[in-house]
Amino acid sequence: PSIDLNYPVDGFNATDIINFNWTAIDNLDDSLVCNLTIDGKVNVSLIASPNGTAVNYSVDDFSEGTHSWNVTCIDNATNVNTSLTRDFRVDTTMPIVSLITPVNNSWFDHRNMTFTYNATDSYLKNCTLYGDFSGSWIANETNDTIASGVAHNVNVNLTNGSYIWNVLCYDYSGDSI
């Protein structure tokens with residue numbers, strides 16, 4: 001039999017339950033049985049897999065980090081094949097953002113202000129500085145090459161006034177804070 005892994009795709013990012021989906025194809029057998037292997041260990045065996053039909057199987061309670069998966073199928077003639085192995089990542093932790101400078105209720109006598117923040121996450125994707133610098137609450141600058149645990153600076157030219165700012169960060173699983 002041959003096996004097509006449909007989902008999750010290689011490098012998929014998830015937060016909890018993963019729906020595994022594959023299609024087993026055989027030139028003679030109408031129904032095959034398959035084993036779902038996760039991280040090198042059979043997670044569930046003898047899953048009925050009708051020939052040419054996508055099969056779903058959901059698994060939860062993954063630890064955070066990168067995991068691998070594949071499927072092994074056998075037909076009635078005891079022919080066995082194992083699919084390619086794919087990786088997926090589980091990320092259940094939200095990014096942590098610390099606003100460093102300027103501190104709350106600060107007063108400055110210059111127009112060029114440096115906003116400094118630190119974001120921490122194992123799978124940090126991007127961070128955006130938001131502020132009411134133009135009179136409306138809008139995104140000012142997004143950093144798509146952000147390093148976790150490193151202070152990041154954004155320079156903004158301001159007119160005299162009082163301003164509010166914050167930073168929104170996302171990780172690859174879509175978690176944000």
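Side chains are part of it too, since the values below use all heavy atoms of this structure and drop only hydrogens, waters and symmetry mates.
Cation-pi contact between R89 and Y172: present, with separation from the ring centre below 6.0 Å and deviation from the ring axis of at most 45°.
For the residue pair T23 / N6, a side-chain donor-acceptor distance below 3.5 Å is found, with atom types taken as modelled. In this structure, a donor-acceptor pair under 3.5 Å is absent between the side chains of S83 and N70.
L36 and V42 are members of different hydrophobic clusters when ILVMFWY side chains are connected at heavy-atom separations under 4.5 Å. No chain of hydrophobic side-chain contacts below 4.5 Å, direct or via other Ile, Leu, Val, Met, Phe, Trp or Tyr residues, connects I100 to Y163. There is a path of hydrophobic side-chain contacts, each under 4.5 Å, that joins I3 to F12. Follow the hydrophobic side-chain contacts under 4.5 Å out from I25 and you never reach Y7; the two are in separate clusters. Linking ILVMFWY residues whenever their side-chain heavy atoms come closer than 4.5 Å, directly or via other members, leaves V150 and L168 in distinct clusters.
Judged by distance alone, with hydrogens and angles left aside, the side-chain atoms of D60 form no donor-acceptor pair with the main-chain N or O of D16 at under 3.5 Å. With D144 contributing its side chain and N126 its backbone, the two residues share no donor-acceptor pair below 3.5 Å. Between the side chain of D29 and the backbone N or O of N76 there is at least one donor-acceptor pair closer than 3.5 Å. Using modelled atom types, no side-chain atom of R86 and backbone atom of G11 make a donor-acceptor pair closer than 3.5 Å. H152 places no side-chain N or O within donor-acceptor distance of the main-chain N or O of N143, the cut-off being under 3.5 Å. In this structure a side-chain-to-backbone donor-acceptor pair under 3.5 Å is present from D75 to N79. Here the side chain of N35 pairs a donor or acceptor atom with the backbone of L46 at under 3.5 angstrom. Checked by atom type and distance alone, the side chain of E64 pairs as donor or acceptor with a backbone atom of T92 at under 3.5 Å. Of the possible polar contacts, none joining the T142 side chain to the T128 backbone as a donor-acceptor pair under 3.5 Å is found. S49 places a side-chain N or O within 3.5 Å of a backbone atom of I47 that can act as its donor or acceptor partner.
Atom CG of N112 has more than 12 heavy atoms from other residues, nucleotides or ligands within 6.0 Å.
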Run the side-chain hydrogen bond (donor to acceptor under 3.5 Å, both in side chains) check on T116 and T101 step by step: do they pass? CA-CA 5 Å; T116 305; T101 59; 3.1 Å; yes
Passes side chain to side chain contact (heavy atoms under 4.5 Å, CB included), D4 versus W22? Steps please. CA-CA 6 Å; D4 293 331; W22 66 89; over 6 Å; no
Starting from the C-alpha separation in whole Å, work towards a yes-or-no answer on side chain to side chain contact (heavy atoms under 4.5 Å, CB included) for L5 and W69. CA-CA 10 Å; L5 300 181; W69 76 286; 3.5 Å; yes
With side-chain hydrogen bond (donor to acceptor under 3.5 Å, both in side chains) as the test, would you mind laying out the steps for N155 and T114 before giving the verdict? CA-CA 4 Å; N155 293 315; T114 300; 2.5 Å; yes
V97 vs N118, test: side chain to side chain contact (heavy atoms under 4.5 Å, CB included). Steps then yes/no. CA-CA 6 Å; V97 179; N118 185 338; over 6 Å; no
Decide yes or no on side chain to side chain contact (heavy atoms under 4.5 Å, CB included) for V156 and L129, but give the supporting numbers first. CA-CA 10 Å; V156 179; L129 171 70; 4.1 Å; yes
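Scanning both residues, G174 and Y170, for their nearest heavy atoms gives O-CD2, 3.7 Å. When all heavy atoms of I17 and S58 are compared, the closest pair comes out as CG2-CB, 4.0 Å. The two residues D91 and S173 have their closest heavy-atom pair at CB-OG, 3.2 Å. Contact detail for N51 and A24: the closest heavy-atom pair is OD1-O, 3.5 Å. In terms of heavy-atom proximity, D132 sits nearest to W137 at N-CE3, 3.8 Å. Closest non-hydrogen pair, P1 versus L32, comes out as CB-CD2, 3.3 Å.
One distance of note links CG of L84 with OG of S68; it measures 12.5 Å at 0.5 Å rounding. Atom-to-atom distance recorded for Y117:OH and I146:CD1 is 4.0 Å, nearest 0.5 angstrom. Distance CG/D171 to CG/D121: 4.5 Å, rounded to 0.5 Å. Rounding to the nearest 0.5 Å places CD of E141 at 11.5 Å from SG of C127.
V90 places a side-chain heavy atom less than 4.5 Å from the side chain of H67. Side-chain atoms of L99 and V167, non-hydrogen and from C-beta on, do get closer than 4.5 Å to each other. T72 places a side-chain heavy atom less than 4.5 Å from the side chain of V80. A 4.5 Å side-chain heavy-atom check between V59 and F20 finds at least one atom pair inside the cut-off.
For the pairing with P8, the side chain to side chain contact (heavy atoms under 4.5 Å, CB included) check across I18, N13, N19 returns one residue only, I18.
Using bins of under 30°, 30° to 60° and over 60° for the plane-to-plane angle, the ring pair F62/F88 lands in the perpendicular bin. Using cut-offs of 30° and 60° for the angle between ring planes, the F115 and F133 rings count as tilted.
Annotation: Y130 is not in aromatic contact with W165 [ring centroid separation under 6.0 Å not met].
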